[in-house]
Amino acid sequence: MSAQVTVSVSGSPRELAAGTTAADLFADDRAVIVARVDGELRDLTHELTGGEEVEPVTAADPEGLAVLRHSTAHVLAQAVQATFKDARLGIGPPIKDGFYYDFDVETPFTPDDLKALDKAMQRLIKDGQTFRRRVVTDDEARAELAAEPYKLELIGLKGGNGDAEGADVEVGAGELTIYDNLNRKGEVAWKDLCRGPHVPTTKMIGNGFQLMRSAAAYWRGSEKNPQLQRIYGTAWATKDELKAYLDRLAEAERRDHRKLGTELDLFSFPDEIGSGLVVFHPKGGVIKRVMEDYVRNRHIEEGFQYVGTPHITKGGLFETSGHLPYYADTMFPPMQLENSEYYLKAMNCPMHNLIFRSRGRSYRELPLRLFEFGSVYRYEKSGVVHGLTRVRGLTQDDSHSYVTPEQAPDEIRHLLKFVTGLLSDFGLDDYYLELSTRSDDPAKKDKFVGSDEDWAKATEVLRTVAEESGAQLVPDPGGAAFYGPKISVQAKDAIGRTWQMSTIQYDFNQPKGFGLEFAAADGTRQQPVMIHSAKFGSLERFFGVLVEHYAGAFPPWLAPVQAVGIPVTDDHVPYLNDVAGKLRAAGVRVEVDDSDDRMPKKIRTHTKQKVPFMLIVGDDDVAKGAVSFRFRDGSQDNGVPIDDAIERITEAIRTRAQV
RNA sequence: GCCCGCUUAGCUCAGUUGGCCAGAGCAGCUGUCUUGUAAACAGCAGGUCAUCGGUUCGAAUCCGAUAGCGGGCUCCA
C-alpha cells in the first residue's frame, strides 16, 4: 500500500508515498499554483509516479502567471455563459499582460455588460471553485460540447498545426481534456474544452484582475471567418501588480504623441486634408528639420550621395519593380493622364534604380550609395491609420546601396553600425534586431519572389552580420518583403515599449527586374545586389516615437524652443533681450516672454511647454551680470554669469545631452 | 476593409427622461496692476452642437447615411 517512490524536487531527491500529488508536495507554500514536472506544466492534482523532476511554479514565474491568466479567462467565460445563455465559446488564451476570451453572441457586449461580468466573476472567484482535469476521447468531447460549434471545430484540428493564435491552449497535440469547474458543493458548475493546466482554485485569482474592453475579432484570425466578440482582461498575482500595470497604462496615455502633439503645438491632422495626412506646425517643424539635418549630414559622412525623385510616376515603373502585382491595393488608385496611368509613389527604390541605370556603371563606383527623403503615399486601410505611427503620407530617409555580392556583408555591417549610432544619438540605446525571412508555409510562398538558393544566401548574409553585431536577434519568419529578407531594429522606449524603426533589406530581385549591371574588373557585365535601408524608417513615425520616449520633454538639441527668458518685471526685458541676442548669435533657439503675465505664470506656461532652459532675470541678476536658471523639474541655479550660462546651454545642445 | 464606441468654442469638458436666446475653465483679445520661481484682477469676444437627411408642434438630445477620431481584428513593401 505505502509503496515509496523517489522524485527530484527542485534538484534534491525526495522519498514519497506512491500517489502523492504535486499539491501534497507543495502543501506548505500557498503561492504555488502549478508544478513543472519533467519540464511540462501540470495541475497540482497531478500524481507523481516516481522518477520525475518536480519544481513548484508560482505566479512570479512568467509561465505561472500565464496559467493564472488562462484560468481567469475561464472564469470570464463561465460568467459570460451564466449571463448570456446563448453565448458560444471561441478561444481564451493568456496574452501579454492579461488574457482574452472570444464569444459568439447575438449583440456585442456593452461597457455595462463588462461591469456586470466583472461582478459575476468576483462571485465565482469568492466561491472558490476548483478546476478538475478530465481526459476524454474525441467522441466524448464531441458529445459533451455538441452545443459549442467552435470547440467542435477545434477538436477537428487537434494535433494539426495550431494555425489559430491561441488555439493550442484549448487543444494540445496530445490527449484531449475537459476542465470542470466544481463549485463549493462539488457540483460541476461549468466546463470547457481545455488543455490546461489551471490554478487549483479560483481563490488564487484574488483581486488582481480587471476586464478592460471588448472588441470584435475574426474567428481563427482570418477576415474570411465570422467575427466574434472578444473581451480583454488583465490579471496579476497581486492587487499591487494590477495597480502597477494600470499605472503603466496611465503613463502611456500621458505620453501619447497625439495628445502631446496638440498640447505642444507640434502637428495636427486636419480633416480637410484627409485621414492619415499630417501637417507639422512651426514647433514640430523645428524638430523635423533638426532630424532631417542630422540624418542628411550623417548619410553624407557615411558615403551616401543625396538625390531627389518625384512623388508620382507612370505605373510601368512599379510593374518593372514588381511592386504593382503585390501591393496595388495599398497604393492610391492611379490617375489617367495622356494615355498613361500615373501612381503616387509608394516606395523610392525603383526611382533610385533608374538613377543607377542612367549611365554605365563600373565596379570602381561600388558601393554606390544613393539617399533621399522620399515622400511616399500608401493607401492604408481606414481602420489602421493611427496618429503619426501609421499614416498615409510619409517621408522615408531611404537609401539604396548598390554593391557586388562580395561587398554585401561589409555594407550591411556598415549600415547596421550607422543605424545603431543614429538611434543612440536620439536617446534610444536599448534595442534588439529582428530577422524577417520568407515564410516556410508553401501556401504563402507566392508572396515572395526569387529562387530558394537566392533567399537562403541573402538570409544567411543578414543573419551572420546580425549575429556578429552582438545584439539580440529575434527571428520573424514570414515577415520579409516580397523581394528579400530584412533586418529591422526594434528600439525600446523610455517605458519599455518596442517600435520597429530602422530596416536593412537585402534585394537580389529588383536588380534583375531593372537589368542593373556594372562592368567588372575583367570586363564582364555583372549584376549588383541592392541593399535598402531606412534609418528613421518613417520620419513621421520616428517623430511620434520620440515624442512618447521623451514625454514631450525633448533634450535641448531637439527642443523647438531651447531657452526662454522670463523677466521678473517689464524693466528686465531689455537686459533679457540682450542675453537672448547673444544666445541667438550662438545658434540657440531662444525667446523672451515679454507678455503681460506675472512671472510665476510665465514659469508655469513654459514648464508646461517643456522648455529645457528658463532664464529668469530680476534686479539681483542684472546687478551681477547674471541669469537664473530654472529647469523643467523645478530645480534652479541662480546668479549664473551670462557667459557661463551661454556656454552651459550651447554645451548641452552640442553634446545632445538631456537636462 | 470589419465590429463597437465617440464627435458641443482653439483645448478640456457640463448640458437632467427632446421644451424659453447652449454653459464652464483654460487659451485669445482689451484694460488695470509692476510683480523673484507652476495660474494677479476685471471685462470682451468666441459655437449653423461634425456634415447631410428624417421623425416631431419642437432635436445638441431620437432614427438613418456620410466623414473624422478612438479601441480592437485583419493588414503593414
Side-chain angles (χ1 to χ4, degrees), chain A residues 100 102 107-111 113 165 212-232 256 258-259 262-263 265 268-276 318 321-331 346-350 376 378-387 389-391 396 398 436 447-449 479-484 486 500 503 505 507 509-510 532 534 538 541 566-573 595-608 614-621 628-638:
Chain A
Y100 67 78
D102 289 342
T107 43
F109 299 107
T110 64
D113 290 337
E165 178 211 350
M212 302 301 286
R213 63 176 68 91
S214 64
Y218 297 108
W219 167 239
R220 294 179 59 206
S222 169
E223 58 188 327
K224 295 185 189 84
N225 290 337
Q227 283 194 334
L228 305 181
Q229 293 300 316
R230 175 171 296 180
I231 295 178
Y232 284 93
D256 191 316
R258 296 166 300 190
K259 187 177 149 77
T262 305
E263 285 174 9
D265 197 13
S268 60
F269 295 91
D271 292 354
E272 293 84 343
I273 298 179
S275 180
F318 292 129
S321 69
H323 286 100
L324 216 37
Y326 288 88
Y327 296 108
D329 56 347
T330 27
M331 291 174 70
M347 64 291 299
N348 305 298
C349 31
V376 298
R378 296 173 180 180
Y379 182 59
E380 300 287 359
K381 287 196 264 181
S382 61
V384 308
V385 170
H386 181 93
T389 55
R390 196 80 180 270
V391 291
Q396 289 182 313
D398 203 2
S436 300
K447 277 183 72 176
F448 304 96
V449 181
F482 72 88
Y483 50 73
K486 73 176 176 199
Q500 177 176 317
T503 58
Q505 306 184 297
D507 183 358
N509 274 307
Q510 285 196 57
H532 307 240
S538 145
R541 170 185 286 182
I566 299 178
V568 173
T569 76
D570 287 351
D571 298 340
H572 309 112
V573 170
S595 70
D596 286 340
D597 287 333
R598 291 311 198 254
M599 191 264 281
K601 177 63 183 298
K602 293 181 183 183
I603 289 171
R604 179 181 152 86
T605 302
H606 299 106
T607 304
K608 284 178 75 176
M614 278 168 278
L615 306 177
I616 298 168
V617 164
D619 287 340
D620 299 351
D621 300 286
S628 291
F629 276 95
R630 185 188 162 103
F631 301 95
R632 293 179 286 214
D633 65 354
S635 62
Q636 314 173 24
D637 195 354
N638 297 332

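Within every chain, numbering begins at 1; the chains are lettered A, B, ... in the order of the sequence lines, protein sequences first and strands thereafter.
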Heavy-atom closest contact (Asp113(A) atom, Pro108(A) atom, distance): OD2-O, 4.1 Å
What integer distance in Å separates Asp113(A):CG from C4(B):C1'? 12 Å
Heavy-atom closest pair, residues Ile603(A) and Arg630(A): CG2-NE, 3.4 Å
Which value, in whole Å, describes the distance between the C1' atoms of nucleotides A9(B) and A24(B)? 11 Å
Which heavy atom of Ser214(A) sits nearest a heavy atom of Phe109(A), and at what distance? OG-O, 3.6 Å
Using atom P of each nucleotide, how far apart are U61(B) and U16(B) to the nearest Å? 12 Å
Under 4.0 Å, counting only non-hydrogen atoms across every strand here, what does Ala346(A) touch: a base, just sugar-phosphate, or nothing? base
Using side-chain heavy atoms (C-beta onward) and a distance below 4.5 Å, is Met347(A) in contact with Phe318(A)? yes
Taking A45(B) as the reference, what is the distance to G25(B) when you measure between their P atoms (whole Å, please)? 14 Å
Heavy-atom nearest nucleotide on RNA chain B for Glu263(A) versus Phe109(A): which residue maps closer to 5'? Phe109(A)
Just compare A77(B), U74(B), G72(B) and give me whichever is closest to any side-chain atom of Arg213(A). G72(B)
When the distance from NZ of Lys381(A) to C1' of A77(B) is rounded to whole Å, what number comes out? 15 Å
Does Phe482(A) reach a base, just sugar-phosphate, or nothing at all? Heavy atoms under 4.0 Å. nothing
So the stems of RNA chain B, runs of at least three Watson-Crick or G-U pairs (under 3.5 Å), are B:1-7 with B:67-73, B:10-13 with B:23-26, B:28-32 with B:40-44, B:50-54 with B:62-66
Distance between P atoms of C52(B) and A40(B) (Å, rounded): 42 Å
Check whether the side chains of Gln636(A) and Asn638(A) place a donor and an acceptor atom closer than 3.5 Å, and report yes or no. yes
For a quick check of understanding: with a heavy-atom distance under 4.0 Å over all strands, which category does Ala217(A) fall into, base, sugar-phosphate or nothing? sugar-phosphate
Is Arg378(A) side chain donor-acceptor paired with the C75(B) base, going by distance under 3.5 Å alone? no
Please give, in whole Å, the distance from C73(B) C1' to Gln227(A) CD? 6 Å
Any base atoms under 4.0 Å from Tyr232(A), or only sugar-phosphate, or nothing? Heavy atoms, all strands. sugar-phosphate
Under 4.0 Å, counting only non-hydrogen atoms across every strand here, what does Tyr218(A) touch: a base, just sugar-phosphate, or nothing? base
Report the distance from atom CD of Glu272(A) to atom P of G10(B), rounded to the nearest whole Å. 12 Å
Taking atom P in both C49(B) and C44(B), what distance in whole Å separates the two? 24 Å
Calculate the interatomic distance between Glu223(A) atom CD and C76(B) atom C1'; express it in whole Å. 13 Å
Distance, rounded to the nearest Å, where His606(A) contributes NE2 and A27(B) contributes P: 13 Å
With sequence neighbours left out, the residues meeting side chain to side chain donor-acceptor pair (under 3.5 Å) with Thr605(A) are none
Using a 4.5 Å cut-off on heavy atoms from C-beta on, say whether the side chain of Tyr483(A) contacts that of His323(A). yes
Report which part of the nucleic acid Lys259(A) touches: base, sugar-phosphate, or nothing (heavy-atom distance under 4.0 Å, all strands). nothing
Please report the distance, rounded to the nearest Å, between OH in Tyr379(A) and C1' in U74(B). 15 Å
When rounded to the nearest Å, what value does the distance between P atoms of A59(B) and G19(B) take? 11 Å
Write down the protein N/O and nucleotide N/O pairs, taken from nucleotides 67-70 of chain B, whose separation is under 3.5 Å; answer none if there are no such pairs.
{"unit_1": "G68(B)", "atom_1": "O2'", "unit_2": "Asp271(A)", "atom_2": "OD1", "d": "2.9"}
{"unit_1": "C69(B)", "atom_1": "OP1", "unit_2": "Ser275(A)", "atom_2": "OG", "d": "3.2"}
{"unit_1": "C69(B)", "atom_1": "OP2", "unit_2": "Ser275(A)", "atom_2": "OG", "d": "3.0"}
{"unit_1": "G70(B)", "atom_1": "OP1", "unit_2": "Arg258(A)", "atom_2": "NH1", "d": "3.0"}

Sticking with atom P, work out how far U7(B) lies from U51(B), rounded to a whole angstrom. 13 Å
For Asp621(A) and Ser628(A) the tightest heavy-atom approach is OD1-OG, 2.7 Å
Treating primed atoms plus P, OP1 and OP2 as sugar-phosphate and everything else as base, which nucleotides of nucleotides 32-43 of chain B get B, S or - for protein heavy atoms under 4.0 Å? -BBBBBBBB---
Which residues pass the salt bridge (charged side-chain N to carboxylate O under 4.0 Å, His left out) test with Asp597(A), not counting sequence neighbours? none
Looking only at atom types and distance, does a side-chain atom of Thr569(A) sit under 3.5 Å from a main-chain N or O of Asp571(A), one as donor and one as acceptor? yes
Which of these nucleotides, C11(B), A77(B), U74(B), is closest to any side-chain atom of Thr262(A)? C11(B)
Here the distance between atom P of G71(B) and atom CZ of Arg390(A), to the nearest Å, is 13 Å
Contact class for Thr110(A) vs. all strands (heavy atom < 4.0 Å): base, sugar-phosphate, or nothing? nothing
Note: Val568(A) and Gly618(A) closest approach over all heavy atoms is CG2-CA, 3.5 Å
With heavy atoms under 4.0 Å as the rule, sort Gln500(A) into base, sugar-phosphate or nothing. nothing
Do His572(A) and Asp619(A) have side-chain heavy atoms sitting under 4.5 Å apart? yes
Determine the interatomic distance between C1' on A60(B) and the same-named atom on C76(B); round to the nearest Å. 39 Å
Evaluate the side-chain proximity of His532(A) to Thr503(A): yes if any heavy-atom separation is below 4.5 Å, no if none is. no
At under 4.0 Å between heavy atoms, what does Gln229(A) touch on the DNA or RNA strands: base, sugar-phosphate, or nothing? sugar-phosphate
Just jot down the side chain to side chain donor-acceptor pair (under 3.5 Å) partners of Tyr327(A), sequence neighbours excluded, or say none. none
